[in-house]
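The sequence lines fix the lettering, A, B, ..., with proteins before strands; numbering per chain opens at 1. FYI, side chains are in, hydrogens and waters are out, and symmetry mates aren't considered; it's all heavy atoms of this structure.
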2 protein chains.
Amino acid sequence: MALEHAILVSLLEKPGSGYELARRFERSIGYFWTATHQQIYRVLRRMESDGLLAVRELPQQSRPDKKEYSVVGPGRAALSRWLHESIQPESMRHDLAVKIRGAAFDDPSVLVREVERHRQVHSERLAHYLAGEQRDFTGPAAPPSLDAAQELQHVVLRGGIAYERMTIAWLDDVLDTLRRLGTAEPHA
Amino acid sequence: MALEHAILVSLLEKPGSGYELARRFERSIGYFWTATHQQIYRVLRRMESDGLLAVRELPQQSRPDKKEYSVVGPGRAALSRWLHESIQPESMRHDLAVKIRGAAFDDPSVLVREVERHRQVHSERLAHYLAGEQRDFTGPAAPPSLDAAQELQHVVLRGGIAYERMTIAWLDDVLDTLRRLGTAEPHA
DNA sequence: CTTGGCTATGCAACGAGTTGCATAGAAAGA
DNA sequence: TCTTTCTATGCAACTCGTTGCATAGCCAAG
């Protein structure tokens with residue numbers, strides 16, 4: 001149940017509402033974790049009733065009220081406990097790879113479009129990460145010296161960048177292979 | 001619901017029992033998809049009752065009977081349909097990255113051991129993949145020319161290799177960062 | 001002026017995935 | 001001999017995660 005921990009980290013970095021968390025999960029935290037707003041609201045309520053979080057109701061005009069969550073003592077302790085546990089290395093879950101192997105039982109060339117589309121998405125993500133890196137860490141507007149939290153955010157972002165670069169290179173390899181098979185063995 | 005599709009691909013590559021599938025999911029298919037035997041048995045039963053698979057009961061002596069599943073017409077059609085659909089590019093779910101960002105709120109050096117352990121696991125996986133590549137595709141015992149299915153298996157395996165190499169390099173980067181922070185700012 | 005998007009939260013239902021347990025005989029190692 | 005491991009399947013209970021829907025007022029674009 002690492003969604004809880006991802007939420008703790010995100011709220012320690014900055015308190016916020018469920019809605020705000022959901023948006024963060026589409027951006028920075030979402031580089032390596034995703035969740036829908038449903039998931040987030042449900043877990044937030046549970047974490048609050050477990051005493052890991054505190055809520056503050058912020059009435060807003062012309063907008064629904066907002067519940068701002070922040071981490072309290074037991075939440076911080078829970079995160080610390082988790083950091084000292086060991087987790088098992090993640091295992092992949094890569095639909096596209098399943099499709100690629102499956103293409104052997106159909107026409108491989110039907111996947112060319114799909115793989116191109118994925119390549120496009122990963123290119124955009126890479127550009128987005130690189131822009132973020134410039135903005136926050138390596139560009140002229142970035143702070144001249146970084147604290148520990150920023151250093152760690154940067155190394156995670158470098159992981160995201162490395163992942164996208166690797167993925168793009170691999171998808172090019174896949175496209176070459178699919179096109180080679182397409183011309184060599186035209187299917188029905 | 002891509003587990004269904006992963007099972008279809010695996011059974012098209014070679015019919016087998018739930019138990020055998022579970023073992024494959026620890027090896028080749030498992031490079032990019034995982035499932036427990038529970039998951040697999042349950043889905044197999046559903047797929048069979050949906051008419052996607054056929055079962056053959058193989059009585060065995062001194063061993064529980066085995067149910068060998070194979071893909072039948074509608075199963076093949078379901079796979080083909082799925083191949084023509086588009087799927088959304090996967091999104092990460094990387095516990096370790098959550099931990100790394102979380103380490104800012106504790107002592108970063110507690111993660112060194114953990115990251116080293118993950119690095120070790122990924123090194124072993126890389127060695128395992130490279131051995132498999134030698135055996136099946138690039139070594140002297142590999143078939144001299146490959147059919148489409150083998151080409152596609154190979155390009156997926158190359159993806160696994162690229163992934164592991166990238167991950168190992170990134171974990172080295174993480175270790176450098178953690179160690180730098182550990183000496184620069186010794187915590188309580 | 002109407003459609004769609006944004007903020008903000010939530011219910012209900014479902015499907016996906018994990019964990020613990022159970023059975024049961026055979027072979028291999030301590 | 002005793003314990004563990006392997007083959008082979010399965011139930012029950014649970015948590016995790018997704019999808020569709022609902023509310024509700026505001027703002028911007030067509």
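The ring-ring contact (aromatic ring centres under 6.0 Å, His included) test applied to A:His37 returns A:Tyr41, not counting sequence neighbours. A search for salt bridge (charged side-chain N to carboxylate O under 4.0 Å, His left out) contacts involving B:Asp173 returns A:Arg158, not counting sequence neighbours. Residues satisfying the salt bridge (charged side-chain N to carboxylate O under 4.0 Å, His left out) criterion with A:Glu124, sequence neighbours excluded, are absent altogether. A:Trp82 pairs by the ring-ring contact (aromatic ring centres under 6.0 Å, His included) definition with A:His5, not counting sequence neighbours.
What separates CZ of B:Arg23 from P of D:dA8 is a distance of 9 Å, to the nearest Å. Distance, A:Gln39 CD to C:dC14 P: 18 Å, rounded to whole Å. Atom CD1 of A:Ile40 and atom P of D:dG17 are 11 Å apart (whole Å). The distance between atom CD1 of B:Ile7 and atom P of C:dA16, rounded to the nearest whole Å, is 11 Å. At whole-Å resolution of the value, CD in B:Glu68 and P in D:dT7 are 16 Å apart. In this structure, CZ of B:Arg93 is placed 12 Å from P of C:dT18, rounded to the nearest angstrom. Rounded to an integer number of Å, the gap from CZ of A:Phe25 to C1' of D:dC16 is 14 Å. Spacing between atom OH of B:Tyr69 and atom P of D:dA8 amounts to 14 Å, rounded to whole angstrom units.
The listed nucleotides are D:dA8, C:dG17, C:dG10; the one nearest the side chain of B:Lys66 is D:dA8.
Using a 4.0 Å cut-off between charged side-chain N and carboxylate O, B:Glu20 and B:Lys66 make a salt bridge. One finds no salt bridge joining A:Glu90 and B:Lys99 here, because no Lys/Arg side-chain nitrogen approaches an Asp/Glu carboxylate oxygen to under 4.0 Å. Between B:Arg113 and A:Glu85 no salt bridge is recorded (no basic side-chain N to carboxylate O distance below 4.0 Å). The pair A:Lys67-A:Glu48 fails the salt-bridge criterion, with no side-chain N (NZ, NE, NH1 or NH2) lying under 4.0 Å from an Asp/Glu carboxylate O. Remark: B:Glu114 engages B:Arg117 in a salt bridge, criterion side-chain N to carboxylate O under 4.0 Å.
Within a heavy-atom distance below 4.0 Å of DNA chain D, no residue of residues 94-102 of chain A is found. Near DNA chain D, meaning a heavy atom under 4.0 Å from it, residues 45-58 of chain B has B:Arg45 in order of number. The stretch residues 11-22 of chain B does not touch DNA chain C, since none of its heavy atoms comes less than 4.0 Å from the strand.
Residues in residues 155-183 of chain A take part in these ring pair (Phe, Tyr, Trp, His ring centres under 6.0 Å) pairs, two or more places apart or across chains: A:His94-A:Trp170. Among residues at least two apart or in separate chains, ring pair (Phe, Tyr, Trp, His ring centres under 6.0 Å) pairs with a member in residues 111-134 of chain A are A:Tyr31-A:Tyr129.
Between the side chains of B:Arg93 and A:Thr34, at least one donor-acceptor pair of N or O atoms lies under 3.5 Å.
An angle of 40°, rounded to 10°, separates the two end axes of the helix from C:dC1-D:dG30 to C:dA30-D:dT1, each defined over five pairs.
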Would you check, one step at a time, whether the test side-chain contact (heavy atoms from CB on, under 4.5 Å) holds for B:Ile168 with B:Ser123? CA-CA 7 Å; B:Ile168 290 166; B:Ser123 294; 4.0 Å; yes
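Summarising the local packing, CZ of B:Arg46 is surrounded by more than 12 heavy atoms from other residues, nucleotides or ligands at distances under 6.0 Å.
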Distances under 3.5 Å only, N/O to N/O: pair up the protein atoms with those of nucleotides 19-24 of chain C.
residue, atom, partner, partner atom, Å
C:dG20, O6, B:Gln38, NE2, 3.0

Side chains of residues 132-141 of chain A: which donor-acceptor pairs under 3.5 Å do they make with residues two or more places apart or in other chains?
residue, atom, partner, partner atom, Å
A:Glu133, OE2, A:His154, NE2, 2.8
A:Thr138, OG1, A:Glu133, O, 3.4

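The side chain of B:Tyr41 places an N or O atom within less than 4.0 Å of a non-bridging phosphate oxygen (OP1 or OP2) of D:dT9.
Put simply, A:Met166 and A:Leu126 are part of the same group of oily side chains (I, L, V, M, F, W, Y) that touch within less than 4.5 Å, one to the next.
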